[in-house]
Amino acid sequence: MSQSKSYDLVVLGAGSGGVRAARIAASLGAKVALIEKRKIGGTCVNVGCVPKKLFSYAANLHFDLIRSAAWGYHIPQFNFDWNYWTNFVAKDINRLNGLYEATIKKSGADYFNGFGIVEDPHTISIQSSSHPAITLQADRLLLATGTRPNIVEVPGSEYWITSDEIFSLPELPKHLFIYGGGYIAVEIATIFAQWGTKVTLATRSTFLKDFDPDIVNRLYKEFDLLNIEYIVNDSVVRLEQKDNYISVHFKSGRSVVCNVSLCAAGRSIDLEDAGIKNLLLKKNTQGWLEVDSQFQTSISDVFAVGDITGYLPLTPVALRQGENVARHLFQKDFVLKPINYENIATAVFTSPPIATVGMTLEQAKKQGFTAHVFQADFLAMKYAPHREHAVKTLIKLIVCTESDRVLGFHMIGIDAPEIIQGMAVALQAGVTKAMLNETVGIHPTSAEEWVTLR
């Protein structure tokens with residue numbers, strides 16, 4: 001017999017936004033239930049940010065060991081143990097899952113591991129193999145179910161894997177083919193290439209199309225350094241498998257033979273897979289759930305946060321949205337301030353990484369600004385002993401000509417994400433070029449270049 005429980009708020013999806021919303025709402029005295037069909041923590045913890053960054057560290061170390069002789073180290077032989085590494089990452093993710101679950105329980109919210117099906121805006125049933133069916137009654141419902149990887153449907157598309165599987169392969173691929181032009185595609189390409197995997201990277205258009213073009217052109221130099229074969233403006237038309245190898249065929253007539261084929265062609269929502277197909281929710285023209293400034297969907301008492309809403313698909317964005325909606329609903333004195341999505345920093349963990357915040361020159365022009373560009377192009381000190389195996393650092397500063405206000409910071413180079421996080425604070429505070437000029441730098445660092453541009 002099905003159990004029934006009542007809650008002030010039921011949150012469907014225990015990723016970054018869902019966990020934050022549930023925890024904050026419970027801390028404010030609301031009776032909260034959190035439902036997740038997979039592992040708590042969502043994409044970021046389980047198959048996204050966390051394993052990707054750990055893999056990036058491991059791959060960078062491998063590449064540094066190869067070049068260590070330039071620093072005077074003589075390491076006659078070293079081996080990378082793939083099984084050890086993937087097991088370690090899996091264990092560390094399990095550790096984080098436990099911490100997330102403990103945090104939710106400590107907040108006073110109830111956590112249910114099972115498939116939540118929204119019968120109507122106030123009724124959610126939970127199906128699970130580990131416990132009897134449960135029905136929850138909700139005064140309000142928050143959807144935080146995130147997205148799933150897209151699969152490009154072509155003949156042989158069953159031979160694709162996605163980013164959900166790439167960090168748990170049974171062995172290190174000898175030849176990895178990646179189809180996509182965004183963050184995931186270029187990050188995975190540079191990670192595996194540093195381990196010696198032959199990598200072919202292809203996209204239907206160009207790579208990182210919303211980034212500064214000079215930064216992207218510098219990324220091509222990294223591809224060359226890592227022997228990554230890259231293909232632009234071409235489309236995959238079919239995949240075929242024979243003798244444990246996959247042949248990838250393109251519209252142009254070319255083909256690539258690999259043993260792992262990764263489809264990294266973006267992500268989208270799936271209402272049926274998320275258990276919310278019964279809700280007639282309004283979507284925008286891009287297919288994302290439409291929400292107002294208070295994160296309410298087209299249905300009263302149903303809210304949505306995170307990637308499912310189509311805003312920037314970044315963990316910190318989902319966290320801020322989750323907290324905002326919880327405080328808006330349950331904190332009486334809370335004044336909901338709109339999130340400034342224009343000044344949110346982002347990073348691409350290639351090697352060296354890319355980081356950016358604010359407008360590119362092209363974006364500034366489209367918004368009617370007249371702007372100056374200040375830039376510096378230099379070799380970071382870390383690369384001094386092995387210049388021939390280095391990608392030079394490039395930084396670009398976009399400044400409004402009339403007001404002197406900084407419009408954007410863009411960087412590819414060592415520690416770029418750590419540096420740009422600080423620049424994001426400055427941009428949010430309205431920093432001007434004159435303020436940067438008056439700031440004394442830290443020497444010798446790459447970061448000091450931002451305050452010495454003339």
Please check if the distance between the ring centroids of [X] and [Y] is under 6.0 Å.
X      : Y      : value
Phe78  : His62  : yes
Phe167 : Trp85  : no
Tyr230 : Phe223 : yes

Just by distance, do the side chain of [X] and the backbone of [Y] share a donor-acceptor pair under 3.5 Å?
X      : Y      : result
His122 : Ala138 : yes
Asn284 : Gly287 : yes
Thr297 : Ile299 : yes
Gln363 : Thr360 : yes
Thr356 : Phe409 : yes
Gln194 : Phe63  : no
Thr123 : Asp120 : no
Glu229 : Thr200 : no
Ser298 : Lys282 : yes
Glu165 : Thr162 : yes

I'd like to know if [X] and [Y] make a salt bridge, using a cut-off of under 4.0 Å between side-chain N and carboxylate O.
X      : Y      : value
Arg67  : Asp64  : yes
Glu222 : Arg218 : no
Lys283 : Glu290 : no
Arg140 : Asp8   : no
Arg238 : Glu240 : yes
Arg254 : Asp234 : yes

Quick check: are there more than 12 heavy atoms from other residues, nucleotides or ligands sitting under 6.0 Å from [atom1] of [X]?
X      : atom1 : value
Gln137 : CD    : yes
Tyr341 : OH    : yes
Leu280 : CG    : no
Tyr57  : OH    : no
Phe80  : CZ    : yes
Glu362 : CD    : yes

Where [X] and [Y] come nearest, the two heavy atoms and their spacing:
X      : Y      : answer
Asn60  : Ser351 : OD1-OG, 3.3 Å
Trp71  : His386 : NE1-NE2, 3.3 Å
Thr315 : Ser16  : CG2-OG, 3.2 Å
Tyr179 : Arg204 : OH-CG, 2.8 Å
Ser268 : Asn150 : OG-OD1, 2.6 Å
Lys39  : Asn97  : CD-OD1, 3.4 Å

Determine, stepwise, if the pair Val89 / Val50 fulfils side chain to side chain contact (heavy atoms under 4.5 Å, CB included).
CA-CA 9 Å; Val89 172; Val50 171; over 6 Å; no

Note, [X] side chain near [Y] side chain (heavy atom, < 4.5 Å):
X      : Y      : answer
Phe55  : Thr86  : yes
Ser56  : Ile191 : yes
Pro313 : Thr147 : no
Leu394 : Met411 : no
Asn340 : Gln428 : yes
Lys174 : Thr197 : no
Ile308 : Trp288 : no
Leu141 : Phe303 : no

Would you give the length of the straight line joining atom [atom1] of [X] to atom [atom2] of [Y], rounded to the nearest 0.5 angstrom?
X      : Y      : atom1 : atom2 : result
Lys105 : Tyr111 : NZ    : OH    : 9.0 Å
Leu176 : Phe192 : CG    : CZ    : 6.0 Å
Leu262 : Trp160 : CG    : CH2   : 8.0 Å
Ile178 : Ile231 : CD1   : CD1   : 11.5 Å
Glu342 : Leu312 : CD    : CG    : 10.5 Å

Under the ring-ring contact (aromatic ring centres under 6.0 Å, His included) test, which residues partner Tyr183, sequence neighbours left out?
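Partners of Tyr183 under the ring-ring contact (aromatic ring centres under 6.0 Å, His included) test: Phe211.
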
Residues forming a ring-ring contact (aromatic ring centres under 6.0 Å, His included) with Tyr100, sequence neighbours excluded
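Per chain and number, Tyr100 pairs via ring-ring contact (aromatic ring centres under 6.0 Å, His included) with no residue.
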
Let me check something: any side-chain donor-acceptor pairs from residues 20-35 under 3.5 Å, sequence neighbours excluded? List them with distances.
| from | atom 1 | to | atom 2 | distance (Å) |
| --- | --- | --- | --- | --- |
| Arg20 | NH1 | Glu323 | OE1 | 3.2 |
| Ser27 | OG | Ile24 | O | 2.7 |
| Lys31 | NZ | Ser6 | O | 3.3 |

Report the C-alpha distance between Ile344 and Leu314 in whole Å, list the side-chain angles of each, state the deciding distance to 0.1 Å, and finish with yes or no for side chain to side chain contact (heavy atoms under 4.5 Å, CB included).
CA-CA 9 Å; Ile344 294 176; Leu314 303 171; 3.9 Å; yes

Can you classify the ring geometry of Trp195 versus Trp82 as parallel (below 30°), tilted (30 to 60°) or perpendicular (above 60°)?
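Perpendicular, since the angle between the ring planes exceeds 60°.
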
Tell me, please, which residues at least two apart from Glu171 pass side-chain contact (heavy atoms from CB on, under 4.5 Å).
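Expected list: none.
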
What's the verdict on side chain to side chain contact (heavy atoms under 4.5 Å, CB included) for Gln367 and Met359, showing C-alpha distance, side-chain angles and the deciding distance?
CA-CA 10 Å; Gln367 294 195 30; Met359 303 178 199; 3.5 Å; yes

Can you list every salt bridge (charged side-chain N to carboxylate O under 4.0 Å, His left out) pair that touches residues 78-92, not counting sequence neighbours?
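Sorted pair list: Asp92-Arg95.
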
Which pairs with one or both residues in residues 270-280 pass side chain to side chain donor-acceptor pair (under 3.5 Å), sequence neighbours excluded?
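The answer is Lys37-Asp273, Arg148-Asp270.
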
As a quick check of understanding, evaluate side chain to side chain contact (heavy atoms under 4.5 Å, CB included) for Val236 and Phe177, giving each step before the final call.
CA-CA 11 Å; Val236 171; Phe177 173 77; 4.0 Å; yes

